[in-house]
There are 2 protein chains.
Amino acid sequence: MSPPLHISISEKLRHQIEAGVYASGDRLPSEHQLMETFSVSRITARQAVANLVSQGLAIAYRGKGVFVTPQKKVTYSLSSPLVFLEQDMARQGIAFSFENLVFEPIAAPRDAAVALGIDKASSVYLQKKLFRMDGAAGAVDVSYLIADLGDRFAPLLERQMTFPILAQHGIPIDHLDAVIECTHADYDLSGYLEVPLGHALMVYRYTAYSSNQRPVLHGSTISRADRFCYSLSTRAGASD
Amino acid sequence: MSPPLHISISEKLRHQIEAGVYASGDRLPSEHQLMETFSVSRITARQAVANLVSQGLAIAYRGKGVFVTPQKKVTYSLSSPLVFLEQDMARQGIAFSFENLVFEPIAAPRDAAVALGIDKASSVYLQKKLFRMDGAAGAVDVSYLIADLGDRFAPLLERQMTFPILAQHGIPIDHLDAVIECTHADYDLSGYLEVPLGHALMVYRYTAYSSNQRPVLHGSTISRADRFCYSLSTRAGASD
DNA sequence: TAAGCTCACTTGTTATGACAAGTTGATCGC
DNA sequence: GCGATCAACTTGTCATAACAAGTGAGCTTA
């Protein structure tokens with residue numbers, strides 16, 4: 001009938017957060033304080049905190065305390081015509097930068113080969129980038145670029161975003177096919193994106209086609225759910 | 001340097017799941033078996049299992065055991081022209097049904113009033129529906145319908161989906177503005193959607209406009225991330 | 001003053017123990 | 001044969017205990 005103790009405690013804290021008792025970035029009571037306030041053991045107090053963390057409402061730092069998750073969300077417009085991520089961030093007053101993690105030619109994995117319409121053994125360029133918004137890690141992008149374009153723009157690709165490079169050299173992206181889904185952070189991603197294990201992440205899986213209908217780039221952008229969302233309109237010619 | 005014990009164990013199990021040692025729906029070793037296999041306490045074994053659950057890879061049932069999460073994903077196309085959810089499910093061979101949880105006129109909350117372009121005190125119809133896919137809970141939809149349409153189609157709205165009703169009576173939806181984001185299940189939602197606390201959920205927040213550019217429906221579809229994804233194409237006139 | 005150290009406080013990891021509660025199959029009694 | 005009961009196994013909840021490890025303030029010392 002009545003929920004377990006740790007749920008009662010975390011629900012109470014959740015309501016207090018939503019009511020503004022604890023504001024964004026505020027420090028929550030320590031485990032020891034929760035133990036005394038609710039007369040429970042540390043196990044139960046920890047479980048209550050873990051519930052909040054798993055709901056994305058709080059984040060714990062060893063040695064410092066537990067803090068209400070700051071919610072600063074960036075919107076990326078998916079409506080055509082294609083808007084460049086950097087420009088979209090700039091319009092919202094976000095300082096955007098990226099760190100190149102990997103850039104190297106490899107044999108195409110199965111899914112990339114299928115999406116790009118090439119043989120499985122063919123060469124493609126694997127790109128891994130870490131996107132930063134206002135300095136904080138916001139997304140990881142893993143993509144596969146067809147070999148001829150990778151060869152041609154190799155030095156540029158490590159310093160600039162792919163779509164703008166292509167556009168500036170007369171190879172604009174004509175359209176994208178995309179799937180948006182949602183997943184949980186595994187151990188590696190939780191390290192890159194500075195989120196707890198299991199944190200919700202958005203996955204934007206795309207295949208980009210050049211104007212002659214040839215697929216040129218296939219990849220996934222995996223972003224922090226608390227920092228990123230996608231907007232779209234089915235209105236013809238919507239620009240926002 | 002080396003990760004804690006519970007991470008090592010859950011990562012090992014994760015690799016085994018991904019390698020197919022444990023297939024979708026298979027039962028994982030019990031906590032007691034993990035304790036013996038890895039020579040750890042129950043706390044550590046439980047933490048390892050909790051890691052898998054928080055990553056959406058497994059689900060635990062009291063009295064039964066821990067099982068690999070069955071992954072059966074349904075895709076909903078967001079490309080215009082608007083496709084009805086029921087039809088999109090049917091095309092993928094999914095039995096779709098919904099349960100009407102709430103249908104009543106209320107004073108418009110702030111966000112609905114803004115989205116629908118009406119005064120805050122105005123009346124709107126609050127609808128809450130639970131969507132089922134192949135019998136299992138898949139999504140919760142909470143929406144606000146403008147009063148005159150609610151009055152007019154009141155009896156129908158409790159049994160049928162809103163967009164088809166409107167379309168059949170000469171009020172087709174012209175276009176949608178939408179935002180796709182991602183959140184974590186709170187205590188209530190975890191009950192409705194039969195997922196663990198903190199499980200990743202997709203949120204599709206929409207405002208629908210009739211052909212005279214009037215906003216008629218505003219709401220959110222909150223769906224299980226392991227059962228639902230959205231597809232879209234920026235290709236002009238894409239139908240799939 | 002400035003560098004470094006210590007200490008108090010924080011969360012993280014792990015062990016042991018106990019009872020609650022849900023499931024399932026075997027066994028017993030009719 | 002069939003239903004009820006029980007025993008074994010499962011995960012869930014909660015307590016006590018100890019040590020590891022990161023942070024930060026304040027003190028000590030050069």
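Note on naming: letters A, B, ... go to the chains in the order of the sequence lines (proteins, then strands), and numbering restarts at 1 for each one. Just so you know, these numbers use all the heavy atoms, side chains as well, and skip hydrogens, waters and symmetry mates.
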Exercise. Parallel, tilted or perpendicular for F228(B) and Y76(B), by the 30°/60° rule?
Worked result: tilted
Problem set entry | SG-SG under 2.5 Å, C182(B) vs C182(A) | yes
Problem set entry | Approximate separation, where rounding is to 0.5 Å, of S223(B) OG and M202(B) CE | 6.0 Å
Exercise. Quick one: is H32(B) getting a side-chain N or O under 4.0 Å of the dT10(D) phosphate, OP1 or OP2?
Worked result: no
Quick test: give all pairs of protein nitrogen or oxygen and nucleotides 22-24 of chain C nitrogen or oxygen below 3.5 Å, distance rounded to 0.1 Å.
residue	atom	partner	partner atom	Å
dG22(C)	N2	G63(B)	O	3.2
dT23(C)	O4'	G63(B)	O	3.4

Exercise. When rounded to the nearest 0.5 angstrom, what distance separates NZ in K64(A) from CD1 in I59(A)?
Worked result: 10.5 Å
Exercise. Taking DNA chain D as the partner, which of residues 33-53 of chain B come within under 4.0 angstrom of it by heavy atom?
Worked result: R42(B), R46(B)
Exercise. Out of H218(A), K129(A), Q127(A), K128(A), which one pairs with S143(A) under the side chain to side chain donor-acceptor pair (under 3.5 Å) rule?
Worked result: Q127(A)
For this session: Take the protein atom OH of Y61(B) and the nucleotide atom P of dT11(D), then report the distance between them rounded to whole Å.
Result: 13 Å
Exercise. When the distance from CD1 of I7(B) to C1' of dT13(C) is rounded to whole Å, what number comes out?
Worked result: 11 Å
For this session: Dump the intermediate steps for side-chain hydrogen bond (donor to acceptor under 3.5 Å, both in side chains) on N51(B) and Q55(B), then the final yes or no.
Result: CA-CA 6 Å; N51(B) 292 341; Q55(B) 291 174 77; 5.9 Å; no
Exercise. Is the number of heavy atoms from other residues, nucleotides or ligands under 6.0 Å of Y192(A) OH greater than 12?
Worked result: no
Exercise. Taking atom CD1 of I17(B) and atom CG of L28(B), what is their separation to the nearest 0.5 Å?
Worked result: 5.0 Å
Problem set entry | Closest to side chain of V66(A), choosing from dT11(C), dT13(C), dT10(C) | dT11(C)
For this session: Calculate the interatomic distance between L5(B) atom CG and dA20(D) atom P; express it in whole Å.
Result: 15 Å
Problem set entry | Interatomic distance, L197(A) CG vs dG12(C) C1' [rounded to whole Å] | 14 Å
